[in-house]
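Following: one structure in C-alpha cells, then a few remarks.
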Amino acid sequence: MLLGVIDRPRLIRQLSSASCAVVVLQAPAGYGKTVLIEQWLGRESGGRSRIVRLNLSGRDTDPAFFLRRLTRAVSDASPDQVHRADGRKSDPAHPEAGPCLDMLSEAVAGLSSPTRLVIDNCQHLAGSDGIAAVFGALLSPGHPELRLVLSGRGPVPVPLGRLRAQGHVVELHSDQLAFSEAEITELVRYATGDGQPNRARIDDLHARTEGWPAGVGLALRSPAPEPEPPLPDAWAAQAMEYNDFFREEVFDGLGSEVRSFLLRVSVVDEFSPEMASALSDSKNAGELIGRCLTAGAFLRPVDAACYRWRFHPGFRAFLRRELQQRHPEIVDDLHRRAALWLDADGSVSQAVGHALQADDHALAARILEARGDQLLAAGRHAELISLTNRLPIRVCTGRPRLMLTILAVTVLSHGSQVNADPLDVDHWIARFEQCLETMRGTGELDEPARLGLRDRLDALRLVATIRAYRLDEAEAKCVELINTYRERSGITASGLYWLLLHINYERLKLRPLEALEEHAHHATPWTADEAPVPSLTLDTVVARSRFLLGHTDRAVELLESALRTAASAQSAHAPLTPIPAMPLAEIHYELNEIPRARDLVAAHRQGATTVLGLDQGIPYWITRARLAHSDGAVDEASALLEEARAFALHHRNEKLLLAVAEEHIRLLLRQGDVDAARRVGRDAVLGAPAHTGTGGPVSVLEAYRAAAQARLAIAGYRLDEANALVRRWQGQVTARGVTYAVVKWDLLHCQIHLLRGEHDKALSLLESTVRLAAPGRFVRRFLDEGPRIGSLLAELDESPLRSAADCGDFLDTLLTAARSEYADVFSAKVPQQYVSGVAAPLSRREVEILRLAARGMPYRAIADTIELTEGSVKWYMQQIFDKLHVRRRFDAIEKARVLGFIA
C-alpha cells in the first residue's frame, strides 16, 4: 500500500506512552489508522506481547453478539465454550449478556502476558445499549496486562473521562493523523522517483487535501498531471477517483435522511445547526450533525465550541457535484436561503456571493444596499469594492442608496492627487442624480428621504474635492455646508466637522483644533464600536495635529487609546490597528524610542498599505525606512522607499509620493550621493521652487515638495534660492504655531548658514531651535539631519543651555544620542576653520577624490583607482583646498566630514 511506505515516528512515540491504558484513533476513512496501528504494534511487540484483533461490522450493534465475539477473542475460547456460558443467569435487559460479561471479566483477570486488544471500526457500536458496561469490564482497575486500542470513524462509545484525567489515554484525531508537508514530500519522492519534487506541487497537495493521506495517495495514483489552479477547481481534475472513494466508503452507507442533509448543507462553506436547519428544512439538525460525525462524514469543527462546522474540501466538492446531478432544480433555492440566512447573521460578503451564485442579482443588490454603510463604517473598503464590482451596472442604477455606497467607495479608494481625473466620481454622481429625479417623479421616494440622500451626496462631493487636494475649495464648501446643517444632528453634521478638521490639518491650520474637535465629538451619533473607522480617523487626525503643535504626551495618549479601541473592534476583513499604530510608531521614532517604534510597525503592519491605509501610508513607509537606516541598513532603507514610491504611483497618491521623495533625497544626501538625489527629485516631478515670497499655497503636500527642493538646492550650493524657500516656510509654519515643522525648517536654515560660513548665526539658530523642540522632545529631527547638525551639536556640549530649566534635560538627552550617532565629531574639538563656508560646490570628481584620500590612499594610488595621472589628482586636490579655504590635505578631509561631503 502506498501510504504504508511513510514512517511516522512522531505518532508512534505518542502511542508507545508507558502510562497509556487506552489508545483511541478517530478519523474518517482514509486517514491511515489501520496502517499506523500495524506499524506501531510491529515495532512494539517484538514477540513479547499478545495481539488480539477484532474488526467490527454492522452485526456488532447487537451487544450480545459483540460481547460473545469479544469474550472469545480475549479468552481464546472456542465458540462452544461461549455458547455454553449463555445458559447461565442473564441480565434482564440483555438476557444473553450477563454470563458472557462474567466470562469476559474472568478472561481479562486471567491474562498472564501483555495483551494488545485492537478493536477496529468502532463506529458500529454507536448508539448500542450496554456497550459502556462491556468496556467498563475491560478497563476496570487491576488489569495492567491489557491495553485497549480503539479505532473508528466517529466517537468511540467508551467512558474515558476518568482515564483522561489520569493521563492514561492517547487520542489521535484527523488533525494529528494528517500528513505533514515533509511526509507528503517523502511520499511524492517515493511515488514519482523525483528526488527534488516541485515545491509548488507539495504546497498544492497539502493545501488541497489538508494532509488527508488517502487524498494524497489518490492524487499521486492519478495519471493526470497535478493541477495548478487553487481550490475549488483543483478537485475537478481527479473527480472520478475521489467520487468513487467518497461514495463507496462514506455516502452510500448513510441513511437517506443523512444523505439529503449533507447534500443540502454542502452549498455553504461553514454552517451552524440553525443554518443547517434553514437549508435542510430539518428540525433536528444538531442530531443529524452528530450522526454525520459518528459515520465519519469528513465533518470538522470550525471553532473550539464545536458550534460551527465545515466539510473537508474534497468531500464538499463531491457533495456539490452529487447535488447538481441529483437535484439541480433546488440548487438556486438553496443559495437564496443561504444568502438570506448569512445576511441576517451579518456575513455580507458570503450572503452576496450566494445570491450571485443563484443568479439573483436583485437579492445581492438589496443585501449590499442595506449593509453598505455598515461595511464603510467598519473600514471594509476592499471587500466593498470587490462586491460592487460583481454587480451589473443595470442592477445598481435604480437603487440610490446602493449608488451612494458605490460613490463613497469610489471616492475613498482614490489616492490624493492634485487635479485627479474625476471621471469615475462624476459618472456616478450623474447616475445618482438621474435616479433621484426618476424616483421623485414616480413617487417611489418621499421628500425627506430625497433630501437625506442629497445631504450625503454633498458630503461625498466634499470628500472627493479633498482627495483631489483642492483644499481652498474644500474648506469654503465645508464651511458652507456646516452653516446649512447647523440645526441638524447626525452623521452628516459630525462628518462635516471631521472633514474640516482634516482640511485644517492638511493646510497646517491647527490652532482651531480644540473647538473643531469638540464640535466633531459632540455631533457624533455613533460609538467607536458601531463605526470604528470614523472614530479612529478622527482621533488620529487630532493626535497628529497635537504632535505637530508640540503636545507630544497628549498625542501619544490619544493614539494609545485609539490603538486599544482598534484592537477590540477590528476583524479579519479590515485590520484597523494600523490607523493609530503607524502615526504612533512615527512619534516614538521621533522621540528616539526606537524599540517601541519597531515593535509597533512589526505588530501592526498588516493592512497598513490597504486602500483604507493610504493616510497612514506615510508614517508606515517612512518610519520603516528610518528604522532600517538607524540600524545601518542603508540599502534596505533605500529599497523600502523605492517600494513606497511604486505604491504611491499605483494609487495616484501625490502626497505620499512627495513625502517619500523628500525622505529619499535626505538619505541619499547623507550618503553623499547628490546625483542619485537629483534623480529622485526628477522622478517625483518636484518642479522648480515656487512661491518664495509670502504668498503661495501652504499645505502638508506643498511642505514635502518645498523641503525636497530646499535640500537639493543646498546640495547644489544654490544657497540664495534655498534660503528664500526656507525663509518663506519658516515664516508660514511659525505663524501657524506648527512647532515640529518650525524645527525642521530651522535646521535646514542652520545648514545654509554653515555653508555660507556664518557659523555664529548657525549656532545661535540651533540654540533657539533646541529650546523650541524641548517640549515636544523631537530628538530624531536633529539626529537625522546629518553631520552638519551633528558638528553644531558637539559645540553645545558645554553650552549654558544644559542648565536651562526649560530645555536642559532635553539637551542632555539630545547630546547623549548625538554623541552615539556622531562619535567621531564629538571625539575631538572641531577647529573654527572647519565650520567656515565654502567658495563653490565640490564636483562629483572632487568628492570621489576626497573619499579615497580619507581612506589614507596616496596620490598615485588614487590616480590608479580612478584612471587619472598623478598630476591630475594633485590639481583636483588644489581645487578642493581653494573651495574649502584650507591649505592641507588633513584639513580638507576633516572639513569635508564636518560639512557632510564625505562620511
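- One finds the CG atom of Leu471 at 8.0 Å from the NE2 atom of His502 (value rounded to the nearest 0.5 Å).
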- Item | Trace of the salt bridge (Lys or Arg N to Asp or Glu O under 4.0 Å) decision for Arg845 with Glu848 | CA-CA 5 Å; Arg845 177 67 81 183; Glu848 183 181 21; 3.1 Å; yes
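- Residues in residues 729-747 take part in these salt bridge (charged side-chain N to carboxylate O under 4.0 Å, His left out) pairs, two or more places apart or across chains: Glu662-Lys744.
- Residue Leu669 comes nearest to Ala677 through the heavy atom pair CD2-CB, 3.8 Å, listed as atom of the first residue, atom of the second, then distance.
- Within 6.0 Å of CZ on Arg727 lie no more than 12 heavy atoms contributed by other residues, nucleotides or ligands.
- Remark: Arg564 pairs with no residue by the salt bridge (Lys or Arg N to Asp or Glu O under 4.0 Å) rule, at least two apart or across chains.
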- Hey, mind stepping through Glu821 and Arg780 against salt bridge (Lys or Arg N to Asp or Glu O under 4.0 Å) and telling me if it holds? CA-CA 10 Å; Glu821 191 101 355; Arg780 293 301 314 188; 3.3 Å; yes
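- With sequence neighbours excluded, the residues forming a side-chain hydrogen bond (donor to acceptor under 3.5 Å, both in side chains) with His629 are Gln671, listed by chain and number.
- Taking each heavy atom of Ala710 and Leu748 in turn, the nearest pair found is CB-CD1, 4.5 Å.
- The side-chain heavy atoms of Arg711 and Glu785, taken from C-beta on, include a pair separated by under 4.5 Å.
- The side chain to side chain contact (heavy atoms under 4.5 Å, CB included) test applied to Thr734 returns Val742, not counting sequence neighbours.
- Of all the heavy atoms in Gly737 and Leu549, the pair that sits closest is O-CD2, 3.3 Å.
- Across all non-hydrogen atoms, the minimal contact from Arg788 to Leu754 is O-CD1, 3.7 Å.
- Every residue meeting the side chain to side chain contact (heavy atoms under 4.5 Å, CB included) condition with Ile503, not counting sequence neighbours, appears here in chain and number order: Ile466, Ala474, Glu475, Cys478, Arg507.
- Shown are Leu641, Val680, Asp784; of these, the side-chain contact (heavy atoms from CB on, under 4.5 Å) with Leu667 is made only by Leu641.
- With rounding to the nearest 0.5 Å, the separation of CD1 in Ile752 from CG in Leu747 is 11.5 Å.
- Residues that satisfy the side-chain hydrogen bond (donor to acceptor under 3.5 Å, both in side chains) test with Glu557, not counting sequence neighbours, are Arg554.
- Not a single side-chain hydrogen bond (donor to acceptor under 3.5 Å, both in side chains) links Arg605 to another residue, sequence neighbours left out.
- Within the 4.5 Å cutoff, the side chain of His588 has heavy atoms near those of the Leu584 side chain.
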- Message: Test side-chain contact (heavy atoms from CB on, under 4.5 Å) on Glu702 and Glu506; report intermediate values, then the result.
- Response: CA-CA 10 Å; Glu702 290 301 330; Glu506 293 294 339; over 6 Å; no
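- A search for ring pair (Phe, Tyr, Trp, His ring centres under 6.0 Å) contacts involving His749 returns His753, not counting sequence neighbours.
- For the atom pair OG1 of Thr540 and CG of Leu559, the computed distance is 5.5 Å after rounding to the nearest 0.5 Å.
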- Message: Applying salt bridge (Lys or Arg N to Asp or Glu O under 4.0 Å) to Asp675 and Arg678, what does each step give before you reach the verdict?
- Response: CA-CA 5 Å; Asp675 290 340; Arg678 286 172 179 157; 3.6 Å; yes
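- Each of Arg544, Arg596, Arg781 was checked for a salt bridge (Lys or Arg N to Asp or Glu O under 4.0 Å) with Glu586, and the lone residue meeting it is Arg544.
- Counted within 6.0 Å of CG on Asp809, heavy atoms from surrounding residues, nucleotides or ligands total 12 or fewer; the atom is thus considered open.
- Heavy atoms only, all atoms of each residue included: Ile618 and Ala659 are closest at CG2-CB, 4.0 Å.
- With contacts defined as side-chain heavy-atom distances shorter than 4.5 Å, the pair Thr623/Leu600 does not qualify.
- Note: Arg645 CZ to Leu656 CG = 11.5 Å, rounded to the nearest 0.5 Å.
- Side-chain contact between Val743 and Phe782: present, with at least one pair of heavy atoms (C-beta onward) separated by less than 4.5 Å.
- Listed by chain and residue number, Arg626, Arg666 satisfy the salt bridge (Lys or Arg N to Asp or Glu O under 4.0 Å) test with Glu663 (two or more places apart in sequence, or in another chain).
- At least one side-chain heavy atom of Leu792 sits less than 4.5 Å from a side-chain heavy atom of His759.
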- Message: One pair to check against side chain to side chain donor-acceptor pair (under 3.5 Å): Tyr740 and Glu590. What are the steps and the verdict?
- Response: CA-CA 10 Å; Tyr740 181 80; Glu590 291 292 351; 2.5 Å; yes
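- Put simply, the side chain of Ser820 never gets that close to the backbone of Thr816: no donor and acceptor are under 3.5 Å apart.
- Between Asp631 and Arg598, the closest side-chain pair of non-hydrogen atoms falls below 4.5 Å.
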- Item | Steps toward side-chain contact (heavy atoms from CB on, under 4.5 Å) verdict (Thr739, Val733) | CA-CA 8 Å; Thr739 305; Val733 296; over 6 Å; no
- Message: Using side-chain contact (heavy atoms from CB on, under 4.5 Å), reason through Leu657 and Tyr704 one step at a time and then give a plain yes or no.
- Response: CA-CA 9 Å; Leu657 181 67; Tyr704 286 130; over 6 Å; no
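- When every heavy atom of Tyr589 is checked against every heavy atom of Ile594, the shortest pair comes out as CD1-CD1, 3.5 Å.
- No donor-acceptor pair closer than 3.5 Å links the side chain of Tyr822 to the backbone N or O of Leu793.
- Leu796 has its side chain within reach of Leu763: a pair of non-hydrogen atoms, C-beta onward, lies under 4.5 Å apart.
- Other residues, nucleotides and ligands contribute at most 12 non-hydrogen atoms within 6.0 Å of the CG atom of Asp635.
- Residues passing the side-chain hydrogen bond (donor to acceptor under 3.5 Å, both in side chains) test with Arg679: none are found, sequence neighbours excluded.
- For the side chain to side chain contact (heavy atoms under 4.5 Å, CB included) test, residues two or more places apart in sequence or in another chain that qualify with Thr552 are Phe547, Val556, Ile587, Leu591, Arg777, Phe778.
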- Query: Hey, mind stepping through Arg467 and Glu654 against salt bridge (Lys or Arg N to Asp or Glu O under 4.0 Å) and telling me if it holds?
  - Reply: CA-CA 10 Å; Arg467 289 282 179 169; Glu654 187 172 10; over 6 Å; no
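- No side-chain heavy atom of Arg624 sits less than 4.5 Å from a side-chain heavy atom of Leu627.
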- Task: Any chance you could lay out the side-chain contact (heavy atoms from CB on, under 4.5 Å) test for Ser699 and Leu508, step after step, and finish with the verdict?
- Result: CA-CA 6 Å; Ser699 67; Leu508 296 173; over 6 Å; no
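- Under the rule for a salt bridge (Lys or Arg N to Asp or Glu O under 4.0 Å), Glu636 has no partner lying at least two apart in sequence or in another chain.
- The structure places CD of Gln751 at 11.0 Å from CG of Leu765, a figure rounded to the nearest 0.5 Å.
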